[in-house]
Amino acid sequence: MGKLENIYPIAIENTKQKIIQDMDFYLENQETLPSYSTYISDRMPYIEQIWINVWLSKASNDVPRKEKRGFLNERGFVTEGSDHKLINSLFRNELKSYRPFDVLTWIKITFSENQEEWEERYKKARENFFKRQEEQRLANERWKVRERLQDEANTYFEKSSLLLYLHVRNYIAEILVADLQNKPKFQYVTPYMLEEQLVEAGLFESTEYLMVTDFFEELTGDIHSLFDWGKNHYEYENYFYRYERLISEFILGFAPKKFINHLPVTLHHDFLEAYGEKLTSGALQGMLRDELADLSQACFDELQEEYLSDLLKLAKTPFNESLHQKIFEEDEENRERRKAEVLAEQARRQAEEERIIEDIFGKAYTPSLGKRVRYVLHIGETNTGKTHQALKKMKAAESGLYLAPLRLLALEVFDKLNAEGVPCSLKTGEEEKSVEGAKHFSCTVEMFHEKDYHEVIVIDEAQMIADKDRGFSWFRAITQANAKEVHIIGSRNIKMMLLNLLNGANLELQEYTRDIPLEIEPREFGLKYTKKGDALICFSRRQVLETASRLQGSGHSVSMIYGSMPPENRKRQIELFNRGETSVVVATDAIGMGLNLPIRRIVFLENEKFDGTRRRRLTSQEVKQIAGRAGRKGIYDTGKVAFTAEIKIMNKLLEQVDEPVQTFTIAPTSAVFERFQKYYRHLGTFFELWEKFEPPNGTKKASLTEERELYELIRDTEIEARFSLMDLYGFLHLPFSAKEPRLIRQWLETVEAIAESSNLPDPIIKTRNLEELELSYKAIGLHLLFLYRMGRRTEAIYWERVREEISDGVHDQLKDEMINYQKKCKRCGKKLPDSLRFQICDACYHKGQRRTHRPK
């Protein structure tokens, strides 16, 4: 039996109930008894329509779409491909004639043949009508009395606010004295951390608190419930909540008793008439709940403006209205004078906070150069052999460490050294490959540890010290390197920064210039001019795939490189080009960092890029970094650079002298967290202090934006409570794509699992297309970050193998994309001709224009 059959009898019962309700409503409004036939005559339109209305509404809402389609198909309708609006419309039309319920016949059978029952129904309907009218009259009278009481109360409370506050003030003063003398003081903990046992810290010293609110921050030792965001949660109570409650209870009991004696006699009389009982202070408590709450809040706000010492003195004075008013007015006059004292105290506290911030952060960013360390700076343009010379020194050393900006470069050096007979291990956070007997390591810069000694350390791409998110890793590696010799590789614009940073150290400067000149081509480049050895640069994966597909279609063999491509696939694409199996590279600006390829010509297909906020023209440094990849000693004597537009402007950028790097980025260290924990226990406080911290000259703070956003997911939860500050920040600081919602969910679920000591969730793997494969690769990378952080290397080996399989899938998908890539409208998905400049079809464009310019 389908849903339609199930709801049919329900719809009949609902119809009957509505008829009976209509009948009672009709009868109660008739001054004399109408005949049954008169009712039928007057209400016939309603009677005829009520079944259709009830039936269509019930069936439309309750019958599922699948059953609706089946119902219509049985009646010869074709529903395949029809939208839900059309389905609903056809369904409702068919239901109008489906098993109609004869309402009129049911009414005749039920009511027409029993005149006595008809008269009795009329009698009850009229009784209910008069009863409701009387209830409404009484309700109106009561409402009028209530409004008069509220008006009187507002007038009285406003007129007598000082008198009422004097009573509150005296009452609270006595309780304050008792609390300060008899209650224990507790060491402060964050209120929601109930797992922290409260530790007594002796008795209160009233001189420690200037204002009453200062004392209110102390913990009472009790636990109370708070309603927040639709949920009750428990936390340690502080005196703010205790005194807010005390004042509310006092006002609720005291104010109505004072007010009732000031009411006019007529209002007492009218209350008795309307309610049938005498007016009491208890009744006033219920009627004036909002007014009493406002009065209570006003008294509590006033109390928080008080100096604690004033209230403690007041407690010794027996209550007398005129005397206490005089004392209050004197205290109020003295507040202006004492404001200067308050400001001085605030300044003292500010100074103390600044001292704490300086103690926590200030010591962390003073360079601590090793006295016996020799520094060698390799400064010069791209593609000048800087890295080659530095690695040569490292290979010859007994032990060495190479620190790369990218996992791909760490992999490249790892493979290079092992291929040349120098055993080398790899560590990037997402993978660890140990080579037996290796005393050389290739790592990403974040893996640097200052306690590990190496004879030679090589730090690549040192200009990255200026990066707002990762720069501090370079600062830490440069200034805390534990080695006999440190080789630092960087561009020309980092030279002065490094010389200043390493001032006083044993330092050697080696500067490099290009042996191979760069030549700017005078004519604008077109895709038909592509030749062997070209690297075509654009700034999105979509543009890379589209360009590669067009080149493949015109007979070129193509390698592709872009930022979100897994490193193993980038490496494979590079090897194909290096071996001559592909003749052209299409790449994003990912090619600009550390990738040495036999490139004859760099071609900028675009002069602008989207930087995460807006589209902007490339900077001089970006143009140089990319263009510098053109030319390869022994292969091409000249490096060529071409542009598709604005050749003069881009040439100026290429020739422009770089502005020296003026600042570098600093970020929290383990030592910072150790000092922070001397004062505070809450990571939220850490972020607040970091925001207030003024970095030293020549530095800027890492924004910690991604860390904060992740922290908000676990703030004040059980997860936060179960980790130490260092462990928690370590999870927040894991290097993964924190803008991918799926990876954020994976991160949160994994942290929850670690907190609960349960099994880690497996990363989600999808392989339908290139985007899913690359996201799956990142998901496994995030999982590996957790596994290596937890020392679970056996599991990590398994997932590294799975990631290799995903990488193979990416490689196959790239070949397929290159062959079958089709440009499509980003709105409707319609295929577009390759020659079309825009990513939207004419129809969607004009539709958008009409929507934008619709006449008002």
Side-chain angles (χ1 to χ4, degrees), residues 21 24-31 123-172 175 224-232 240-305 319 321 324-325 328:
Q21 290 168 5
D24 288 342
F25 180 77
Y26 175 83
L27 290 173
E28 73 177 21
N29 286 284
Q30 307 299 318
E31 294 186 2
K123 180 180 176 183
K124 286 183 179 178
R126 291 294 284 175
E127 285 175 356
N128 288 335
F129 175 71
F130 291 126
K131 183 178 179 182
R132 283 203 311 277
Q133 281 193 323
E134 178 61 18
E135 288 174 350
Q136 186 61 47
R137 186 192 69 78
L138 274 176
N140 289 337
E141 288 300 317
R142 288 172 179 172
W143 183 253
K144 289 177 183 177
V145 170
R146 189 186 188 107
E147 283 187 325
R148 288 167 62 196
L149 281 170
Q150 289 171 339
D151 289 342
E152 289 283 346
N154 284 326
T155 302
Y156 174 76
F157 291 156
E158 185 175 347
K159 181 180 176 182
S160 307
S161 59
L162 176 56
L163 175 62
L164 292 168
Y165 178 65
L166 293 177
H167 283 274
V168 170
R169 193 174 189 244
N170 179 67
Y171 169 71
I172 293 298
I175 296 176
H224 70 143
S225 172
L226 285 176
F227 188 74
D228 188 30
W229 291 93
K231 292 182 179 179
N232 277 317
F240 176 93
Y241 294 104
R242 167 170 156 77
Y243 279 82
E244 185 181 46
R245 185 174 64 250
L246 286 170
I247 291 175
S248 177
E249 291 168 353
F250 179 81
I251 288 292
L252 194 64
F254 179 76
K257 291 177 183 177
K258 296 288 284 186
F259 171 56
I260 200 169
N261 294 325
H262 290 77
L263 284 174
V265 175
T266 54
L267 200 44
H268 280 277
H269 176 268
D270 292 345
F271 182 89
L272 181 61
E273 287 290 315
Y275 286 89
E277 59 185 27
K278 287 185 176 181
L279 179 61
T280 64
S281 59
L284 284 173
Q285 287 179 356
M287 291 182 172
L288 304 177
R289 192 163 296 278
D290 288 344
E291 289 74 16
L292 292 169
D294 290 343
L295 176 62
S296 172
Q297 187 62 51
C299 290
F300 187 57
D301 291 343
E302 182 67 33
L303 185 75
Q304 292 179 82
E305 297 294 319
F319 187 76
E321 284 186 4
H324 272 240
Q325 181 172 344
F328 174 74

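A quick note: this is a predicted structure, and the numbers were derived from the prediction, not measured. Scope of the values below: all heavy atoms of this structure, side chains included, with no hydrogens, waters or symmetry mates.
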Return the CG to CD1 distance between Leu303 and Ile247, rounded to the nearest 0.5 Å. 4.5 Å

Report the C-alpha separation of Phe300 and Phe240 in whole Å, then their side-chain angles, then the decisive distance to 0.1 Å, and conclude whether the ring-ring contact (aromatic ring centres under 6.0 Å, His included) test is met. CA-CA 10 Å; Phe300 187 57; Phe240 176 93; 5.1 Å; yes

As an exercise, state the distance from CG of Leu263 to CZ of Phe271, rounded to the nearest 0.5 Å. 10.5 Å

State which residues pass salt bridge (Lys or Arg N to Asp or Glu O under 4.0 Å) with Asp24; sequence neighbours excluded, sorted by chain then number. Arg121

Return each pair, listed once, that meets side-chain hydrogen bond (donor to acceptor under 3.5 Å, both in side chains) where at least one residue sits in residues 244-258; pairs must be two or more places apart or across chains. Glu237-Arg245

Could you tabulate the donor-acceptor pairs under 3.5 Å formed by side-chain atoms of residues 150-160, not counting sequence neighbours?
unit_1, atom_1, unit_2, atom_2, d
Asn154, ND2, Gln150, O, 3.2
Thr155, OG1, Asp151, O, 3.0
Ser160, OG, Tyr156, O, 3.2

Quick one, Arg142 and Arg146 - any side-chain contact, counting heavy atoms below 4.5 Å? no

Separation between CZ of Phe250 and CD1 of Ile172, rounded to the nearest 0.5 Å: 8.0 Å

Report the residues that fulfil side-chain hydrogen bond (donor to acceptor under 3.5 Å, both in side chains) with Glu134, sequence neighbours left out, ordered by chain and then residue number. Arg137

Could you list all the salt bridge (charged side-chain N to carboxylate O under 4.0 Å, His left out) pairs where at least one residue sits in residues 280-290, not counting sequence neighbours? none

Is it the case that atom NE2 in His269 sees more than 12 heavy atoms from other parts of the structure closer than 6.0 Å? no

I need the minimum non-hydrogen distance between Ser281 and Pro256, along with the two atoms involved. O-CB, 3.7 Å

Quick one: list whatever passes salt bridge (Lys or Arg N to Asp or Glu O under 4.0 Å) with Arg126, sequence neighbours left out. none

Once rounded to the nearest 0.5 Å, what's the spacing between atom CD1 of Ile260 and atom CG of Leu284? 5.0 Å

What's the separation between atom SG in Cys299 and atom CG in Leu166, rounded to the nearest 0.5 Å? 9.5 Å

Sequence neighbours excluded, which residues qualify as ring pair (Phe, Tyr, Trp, His ring centres under 6.0 Å) partners of His167? Phe254, Phe319

What pairs with Glu28 under side-chain hydrogen bond (donor to acceptor under 3.5 Å, both in side chains), at least two apart in sequence or on another chain? Arg132

With Glu147, which residues qualify under side-chain hydrogen bond (donor to acceptor under 3.5 Å, both in side chains), at least two apart? Trp143

How long is the straight-line distance from OH of Tyr165 back to CD1 of Ile251, given to the nearest 0.5 Å? 10.5 Å

Using side-chain hydrogen bond (donor to acceptor under 3.5 Å, both in side chains) as the criterion, list what pairs up with Gln325, not counting sequence neighbours. Glu329

Using the salt bridge (Lys or Arg N to Asp or Glu O under 4.0 Å) criterion, which residues pair with Glu291? Sequence neighbours excluded. none

Taking only residues at least two apart or on different chains, which pairs with a member in residues 269-281 satisfy salt bridge (charged side-chain N to carboxylate O under 4.0 Å, His left out)? Arg148-Asp270

